[in-house]
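Presented below is the structure to which this report refers.
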Amino acid sequence: MSIKLVNLKGTKDYLPEEQYLRNKIRFTLEEVFKSYGFRPLETPILCFMDVLSSKYAGGAEILKEIYQLSDQGQRELALRYDLTVPFARVIGMNPQLRLPFKRYEIGKVFRDGPVKTGRMREFMQCDVDIAGASSMMAEAEFILMVLDIFDKFGLDVYVSYNNRKLLSGILQCLQIPDPKINNVILSLDKLEKIGPEGVRQEIEALQLQDDMIERIFNLYDNKQIDLDYFSDNFPNSLVKEGINELKELNEYLLEVDALDKTRFNPFLARGLDIYTGTVFEVFLTDGAISSSIAAGGRYDKIIGGFLDDGKEYPAVGISFGLDVIYNALSMKKEFKNNRSEIDFYIIPLGTNKESLRLASLLRKNGWSVDIDMTGRRLKKSLDYANKEKIPYVIIYGEDELKSGIIKFKDMEKGEEKSLSLQDIPQELKRFLPKN
RNA sequence: GUGGGUGUAGCUCAGUUGGUUAGAGCGCCAGGUUGUGGCCCUGGAGGCCGUGGGUUCGAGUCCCAUCACUCACCCCA
């Protein structure tokens, strides 16, 4: 009986065509991360369960989604479900690290949760965080970095942002009972997604007093909404703090000409317990993908709470969804029908040894070279090169061996040129300059 | 977790009111005489018709169950 070849639900193989673009995305991300002074960090996927599950503000929900396992020593282990806990652990284990500590990590994380499109159980997370910075300069740099990155990808995006202090403070002012504040925030966060009517239904289901609901929606209906409006109408220390932070951030954004790419959205909330201040989400301007393609915010309490060492670790972070970016890019036509990464395909016709030597020579000169090793007919090999979208083919047969002149074929144009074997690297550079 | 949809070749799908050897296109491999691709022609490999029961002389087709995938809500980055 044969084994049934299947992947685990929520996992998948990324075949070369797809993986090529994924690698490119990853490379671009890393390049920009580095240019903003973030340094690479890699942490183990395999963790101790008690470290992963201790005192983390993620709450009990995420704990259910942790993959658990044990080793031969009966230790209770788990697969990491995000990159923030490992980040905090590294800070705790390395007190000599100078703050602010800026790192990025790109790696796989695992969640045993529901699977749907764009949501796997094993997936890539690209996190960039800075610990030890309380200034809004951190947020400004992150937003700037986001814009740089999507500019490189050629994707038109805007950054929606808010401050959690503002939203919570307003709701406090409205006398909404504490236990329900979170629910209201969650509903308001869906304004863009399900519209005001949907949100109204959800909030009405919370059985708040009617005048509270009306006041909430008055806010939404008021087009003139700005920071001064909030500070005038909601005298509350939290609101004030939030507004000051937003104002500081706005000044920075103005200075770096990023205001036209950012939108203040007073109802943006994001995941509940983690964020303490600024929150932001990145969306495609054309709305081709409705969910956010990157998101982050400030979480000043998490690392300190996790380490419990009496110190404070104000932190800001952002997470990029590799798969979402992939989806966005693959919708653009210039990313379809990508030519092969292979520059030349050598077809030996009774010249295996010499062809190997030629391949080696070309590779030393910086090209990617593939070579036929099946000995199949010439037309089959040409067809293969054609289907693989390899741009150039070199035909190296016995005639060429004798004359020292090989045939060099442009697969797209169909043109064929004769080139002297002696100075082939120089000749080929004229057709396909390497950078 | 709730509700809907779909399961037939590697992929996209046909498959009449139940009827005998299960189909197409694409892809893959090979051939259409010696070393020239993209088109065309021919052939080949590849299916327990998701799985298990039931109805029937007979089930890919009808019924039940189950599993998987998928979409929408719920929840969650």
Side-chain angles (χ1 to χ4, degrees), chain A residues 1-2 4-13 15 17 56-66 81-85 109-121 123-127 182-183 186-187 189-190 193-194 198 201-202 205 268-275 279-282 290-297 299 317-324 337 345 347-351 372 374-403 406-418:
Chain A
M1 84 181 189
S2 63
K4 207 173 165 194
L5 264 22
V6 285
N7 277 327
L8 221 53
K9 186 190 178 101
T11 69
K12 70 170 287 194
D13 299 313
L15 264 31
E17 206 169 326
Y56 181 61
E61 283 299 318
I62 192 85
L63 296 182
K64 288 185 203 153
E65 299 195 354
I66 297 179
Y81 61 88
D82 78 355
L83 299 174
T84 308
V85 173
V109 301
F110 303 80
R111 287 184 202 179
D112 188 4
V115 168
K116 44 185 170 176
T117 39
R119 213 169 154 196
M120 298 275 109
R121 286 184 176 163
F123 60 100
M124 276 292 211
Q125 197 155 317
C126 315
D127 272 24
N182 281 351
N183 292 321
L186 260 191
S187 294
D189 191 43
K190 292 183 200 157
K193 200 172 155 194
I194 61 177
Q201 281 178 20
E202 283 199 19
L268 181 73
R270 310 216 341 97
L272 262 188
D273 297 320
I274 299 175
Y275 295 102
V279 289
F280 49 88
E281 284 196 65
V282 185
S290 58
S291 57
S292 62
I293 55 179
Y299 51 101
I318 184 169
S319 185
F320 292 82
L322 189 72
D323 299 286
V324 195
N337 277 334
Y345 189 62
I347 305 176
L349 298 165
T351 62
D372 175 72
T374 66
R376 85 233 297 184
R377 297 189 177 213
L378 178 57
K379 64 191 313 186
K380 296 285 181 195
S381 286
L382 286 171
D383 192 36
Y384 174 82
N386 190 42
K387 285 181 173 147
E388 287 290 319
K389 300 189 183 94
I390 300 170
Y392 302 102
V393 158
I394 291 168
I395 299 169
Y396 195 176
E398 280 154 2
D399 297 347
E400 286 79 8
L401 188 57
K402 276 181 209 146
S403 63
I406 54 100
K407 299 249 181 71
F408 167 75
K409 182 160 189 157
D410 181 324
M411 290 301 280
E412 200 184 331
K413 293 181 187 156
E415 290 169 4
E416 204 168 89
K417 287 192 163 60
S418 294

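Below, chains carry the letters A, B, ... as their sequence lines are ordered, and counting in each starts from 1.
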Within the distance-only criterion (no hydrogens, no angle test), does the side chain of A:Glu388 pair as donor or acceptor with the backbone N or O of A:Ala385 below 3.5 angstrom? no
Would you indicate what A:Gly113 reaches in the nucleic acid, counting non-hydrogen atoms under 4.0 angstrom: base, sugar-phosphate, or nothing? nothing
Say you pick atom P in B:U51 and the same atom in B:G7; how far apart are they, in whole Å? 14 Å
Considering only atom P, compute the distance from B:A9 to B:G47 and round it to an integer number of Å. 10 Å
Could you check whether any side-chain N or O of A:Ser292 sits under 3.5 Å from a backbone N or O of A:Val282, counting only pairs where one atom can act as donor and the other as acceptor? no
Whether A:Asp82 side chain and A:Val85 backbone form a donor-acceptor pair below 3.5 Å: yes
Output the rounded distance in Å from CG (A:Leu268) to P (B:A77). 14 Å
Base, sugar-phosphate alone, or nothing: which one does A:Gly321 contact when heavy atoms must sit under 4.0 Å apart? nothing
Atom CZ of A:Arg376 to atom C1' of B:G37: distance rounded to whole Å? 12 Å
Which nucleotide in the set B:U36, B:A77, B:C69 lies at the smallest distance from any side-chain heavy atom of A:Lys9? B:C69
Would a distance-only check, ignoring hydrogens and angles, find a side-chain to backbone donor-acceptor pair under 3.5 Å from A:Arg121 to A:Gly113? yes
Give the rounded distance in Å between these two atoms: NZ of A:Lys12 and C1' of B:C69. 14 Å
Sidechain-backbone polar pair: A:Thr11 side chain, A:Leu8 backbone, donor-acceptor under 3.5 Å: yes
For the CD atom on A:Glu412, are there more than 12 heavy atoms of other groups (residues, nucleotides or ligands in this structure) within a distance under 6.0 Å? no
Rounded interatomic separation in angstrom, taking CG from A:Leu8 and C1' from B:C67: 15 Å
Side chain of A:Arg111: nearest nucleotide among B:A77, B:G37, B:G35? B:A77
Using the P atom in both, what is the distance from B:G53 to B:U70, to the nearest Å? 27 Å
Aromatic ring centroids of A:Tyr384 and A:Tyr345 under 6.0 Å? yes
Under the 3.5 angstrom rule, does the side chain of A:Asp372 hit a backbone N or O of A:Gly375 as a donor-acceptor pair? yes
Side-chain atoms of A:Glu281 come closest, of B:U70, B:U36, B:A77, to B:A77
Could you measure between the two C1' atoms, the one in B:U6 and the one in B:A45, and give it in whole Å? 29 Å
Take A:Tyr81 and A:Phe110, measure what ring-ring contact (aromatic ring centres under 6.0 Å, His included) needs, and give me the verdict at the end. CA-CA 5 Å; A:Tyr81 61 88; A:Phe110 303 80; over 10 Å; no
Please give the distance between the P atoms of B:G44 and B:U8 as a whole number of Å. 24 Å
Within the structure shown, what part of the strands sits under 4.0 Å from A:Glu398 by heavy-atom distance: base, sugar-phosphate, or nothing? base
To the side chain of A:Arg377, which of B:G32, B:C69, B:G35 is closest? B:G32
Hey, which of these two, A:Met120 or A:Asp410, hits RNA chain B nearer its 5' end, going by closest nucleotide? A:Asp410
Atom CE of A:Met411 to atom C1' of B:C39: distance rounded to whole Å? 14 Å
Using atom C1' in both nucleotides, what's the gap between B:U20 and B:C57 to the nearest angstrom? 12 Å
Side-chain contact check for A:Lys387: nearest option of B:G38, B:C28, B:U36 is B:C28
Rounded to whole angstroms, how far apart are CG on A:Asp399 and C1' on B:U34? 11 Å
Candidates B:G37, B:C69, B:G35 - which lies nearest the side chain of A:Leu378: B:G35
For the side chain of A:Lys380, starting at C-beta, report the closest nucleotide among B:G37, B:A30, B:G35. B:A30
Just how far is it from atom CD1 of A:Ile406 to atom CD1 of A:Ile394, taken to the nearest 0.5 Å? 5.0 Å
Want to settle it: does A:Tyr384 or A:Lys413 sit nearer the 5' end of RNA chain B, counting the closest nucleotide to each? A:Tyr384
Distance criterion of 3.5 Å, no angle test: do you see the side chain of A:Asp383 paired donor-to-acceptor with the base of B:G37? no
Nucleotide B:C39, atom P - distance to CG of A:Leu382 in whole Å: 13 Å
Just call it for A:Ala385: base, sugar-phosphate, or nothing, with non-hydrogen atoms closer than 4.0 Å on any strand. nothing
For a quick check of understanding: with a heavy-atom distance under 4.0 Å over all strands, which category does A:Ile395 fall into, base, sugar-phosphate or nothing? base
Does a distance-only test, which skips hydrogens and angles, find a donor-acceptor pair under 3.5 Å between the side chain of A:Glu400 and the base of B:G35? yes
On a whole-Å scale, what distance lies between the P atoms belonging to B:A22 and B:A59? 13 Å
Nucleotide-level pairing of RNA chain B, given in dot-bracket where Watson-Crick and G-U pairs need both distances under 3.5 Å and | marks other strands: (((((((..((((.....[...)))).(((((.......))))).....(((((..]....))))))))))))....
Proximal nucleotide (of B:A77, B:U36, B:G32) relative to the A:Ser292 side chain: B:A77
Provide, to the nearest angstrom, the distance between the CD atom belonging to A:Gln125 and the P atom belonging to B:A77. 11 Å
B:C64 to B:G4 separation - P atoms, rounded to the nearest Å: 13 Å
